[in-house]
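Structure first, then comments.
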2 protein chains.
Amino acid sequence: MSAAPTQERERADARRNRERILCATARLVERVGIDCFSMDDVAAEAGVGKGTLYRRFGDKSSLIRALISEPEQAFQESLIRGEAPLGPGAAPAERLHAFGDGLLAFLDRHVIYMQSAERFGAVDRYRHPVYAFYRTHVALLLRQAIGDAASTDYLVDALLGPLGPEPFAYQRDARGMSLDEIRAGWHTLCDAVLASSR
Amino acid sequence: MSAAPTQERERADARRNRERILCATARLVERVGIDCFSMDDVAAEAGVGKGTLYRRFGDKSSLIRALISEPEQAFQESLIRGEAPLGPGAAPAERLHAFGDGLLAFLDRHVIYMQSAERFGAVDRYRHPVYAFYRTHVALLLRQAIGDAASTDYLVDALLGPLGPEPFAYQRDARGMSLDEIRAGWHTLCDAVLASSR
DNA sequence: GACTATAGCGGACTACGGTCCGCTTGTGTC
DNA sequence: GACACAAGCGGACCGTAGTCCGCTATAGTC
């Protein structure tokens with residue numbers, strides 16, 4: 001429970017309250033489930049005022065995302081500096097497949113948080129900085145793999161589409177697909193796209 | 001402004017109020033823009049109580065969707081009974097392309113409503129009956145075109161993904177793509193998927 | 001240790017979506 | 001036309017996300 005100081009200097013009470021809030025939120029999620037607690041509940045559980053909550057986390061969406069910020073940042077880190085095939089060193093096509101596997105594994109664990117955060121979020125998934133990050137990554141790999149065609153940019157979004165929280169949750173929970181089936185499906189899609197410009 | 005009686009018998013005052021509400025909503029949307037009015041505003045503008053609003057439309061999402069229910073139903077109708085290539089009579093692959101064009105044209109006109117409805121909706125896009133309808137349609141065409149493989153079902157979702165309100169709005173408004181560029185991109189994706197199993 | 005500027009705090013307040021329930025009005029029956 | 005009854009109505013009410021601003025605690029300075 002730390003979720004990045006981010007600032008150059010953090011006052012002691014601020015730090016204490018940030019941790020309190022994150023712990024309280026995690027406790028509430030475990031006790032009553034995600035989506036079954038209000039921001040007032042969090043404030044009460046943490047023993048802070050609502051103003052403090054919003055000063056630190058902006059909105060409910062950010063608070064929920066903060067709960068999974070560590071694994072999310074770790075995944076992003078491993079894309080840039082991790083070991084091949086997720087990180088640099090492998091062939092672009094191979095890295096692309098590894099990226100899909102990695103993101104699907106991440107979703108399989110954290111999708112409830114992602115969905116909840118999205119429900120309360122002011123910006124949709126596509127406008128979120130994290131999407132821009134993934135987009136850049138996939139665009140680079142795709143261009144390396146199949147070169148630069150008019151529709152390459154579009155195909156990036158097409159590949160990222162099924163890796164969003166809603167489609168994933170739909171496939172897994174509503175359609176009852178296993179993680180392996182979803183993975184296999186995405187690899188088929190990925191191969192189709194990779195083959196399209198060759 | 002009618003949006004389907006749906007029931008076997010509708011009382012006169014109920015009908016009158018339904019029309020009032022729909023007209024008032026349309027007027028508000030035009031005056032202040034979508035998302036800039038509350039349900040209280042609608043009730044006041046229509047001259048009815050809030051209870052009436054919710055009795056007829058369930059929630060804000062449904063109210064907004066009701067505004068575009070006529071063109072939406074017309075589009076669905078043309079998929080089933082319309083002229084080829086959108087309706088029956090053309091080759092599956094051709095119908096698939098026509099479906100994408102048609103849905104993108106629909107989105108281009110109504111995406112603001114779709115997004116707003118989704119923001120307030122209790123169920124996400126994938127759980128909405130309309131998605132199930134499109135899904136069945138595309139699944140049928142895809143199976144006719146490339147046969148039944150393990151991942152065919154997944155590819156249906158992959159094809160429908162970029163035809164959602166959020167990705168469309170992102171591509172058009174945030175990325176500045178023209179409708180033609182988006183169309184071309186989807187056709188590329190569609191062709192890639194169609195070629196994948198041949 | 002006293003002083004000060006300010007980052008941080010807290011909770012009353014607002015706006016909004018949605019519910020509830022007693023009252024009204026339309027409709028079908030005689 | 002009178003009656004009964006149910007479909008429909010309306011607005012007070014509730015819970016929740018998010019704001020605002022006067023007050024407090026902290027961290028540097030001397």
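Just so it is clear, the structure is predicted and the values come from calculations on it, not from any experiment. Within every chain, numbering begins at 1; the chains are lettered A, B, ... in the order of the sequence lines, protein sequences first and strands thereafter.
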### Task
Measure the distance from CZ on B:R18 to C1' on D:dA7 and round it to the nearest whole Å.
15 Å
### Task
Can you tell me the distance, in whole Å, between the NZ atom of A:K50 and the C1' atom of D:dG15?
10 Å
### Message
Under 4.0 Å from OP1 or OP2 of C:dG8: is there any side-chain N or O of A:R55 that close?
### Response
yes
## Note on the structure
By nearest-heavy-atom nucleotide on DNA chain C, the more 5' of B:F37 and A:D40 is A:D40
## Note on the structure
Judged by nearest nucleotide, the residue sitting upstream toward the 5' end of DNA chain D, A:M39 or A:G51, is A:M39
### Task
Please state how far atom CG in A:L63 lies from atom P in D:dG18, giving the value in whole angstrom units.
10 Å
### Task
Kindly confirm or rule out a cation-pi arrangement of A:K60 over A:Y54, judged by NZ or CZ under 6.0 Å from the six-membered ring centre and within 45° of its axis?
no
### Message
Under 4.0 Å, counting only non-hydrogen atoms across every strand here, what does B:K60 touch: a base, just sugar-phosphate, or nothing?
### Response
sugar-phosphate
### Task
May I ask you to verify if any side-chain N or O of A:N17 is less than 4.0 angstrom from the OP1 or OP2 atom of C:dG8?
no
### Message
By nearest atom, which of the nucleotides D:dG8, C:dG18, D:dT26 is closest to the A:R16 side chain?
### Response
D:dT26
### Task
Select one nucleotide: of C:dT27, D:dA17, C:dG17, the one nearest the side-chain heavy atoms of B:A12.
C:dT27
#### Entry: Whether B:F106 and B:H110 hold their rings parallel, tilted or perpendicular, with breakpoints at 30° and 60°
tilted
### Query
Below 3.5 Å, does any donor atom in the side chain of B:R11 face an acceptor in the base of D:dA7, or the other way round?
yes
### Task
Answer with yes or no whether the side chains of A:D191 and A:T188 bring together a donor and an acceptor at under 3.5 Å.
no
### Task
Quickly work out the B:F57 CZ to C:dT19 C1' distance and round it to whole Å.
18 Å
### Query
Cut-off 3.5 Å, side chains only: do B:D173 and A:Y126 have a donor facing an acceptor?
no
### Query
So, is B:Y54 close to the C:dT19 phosphate, meaning a side-chain N or O under 4.0 Å from OP1 or OP2?
no
### Message
Taking the minimum atom-to-atom distance to the side chain of B:D13, which one of C:dG10, D:dG8, D:dG18 wins?
### Response
D:dG8
### Below 4.0 Å: OP1/OP2 of C:dG8 and any side-chain N or O of A:T52
no
### Message
Expressed as a whole number of angstroms, how long is the span from B:F120:CZ to C:dA15:C1'?
### Response
12 Å
### Task
Would you please test B:S116 and B:D35 for side chain to side chain donor-acceptor pair (under 3.5 Å) and show each step?
CA-CA 7 Å; B:S116 182; B:D35 280 356; 2.6 Å; yes
### Message
Given C:dG8, D:dA17, C:dT19, identify the nucleotide with an atom nearest to the side chain of A:S38.
### Response
D:dA17
### Atom pair distance, as rounded to whole Å: CG in A:L53 and P in D:dT16
14 Å
### Query
B:I64 has an atom CD1; how far is it from atom C1' of C:dG17, in whole Å?
12 Å
### Query
Rounding to a whole Å, what distance do you find between A:R15:CZ and C:dC9:P?
13 Å
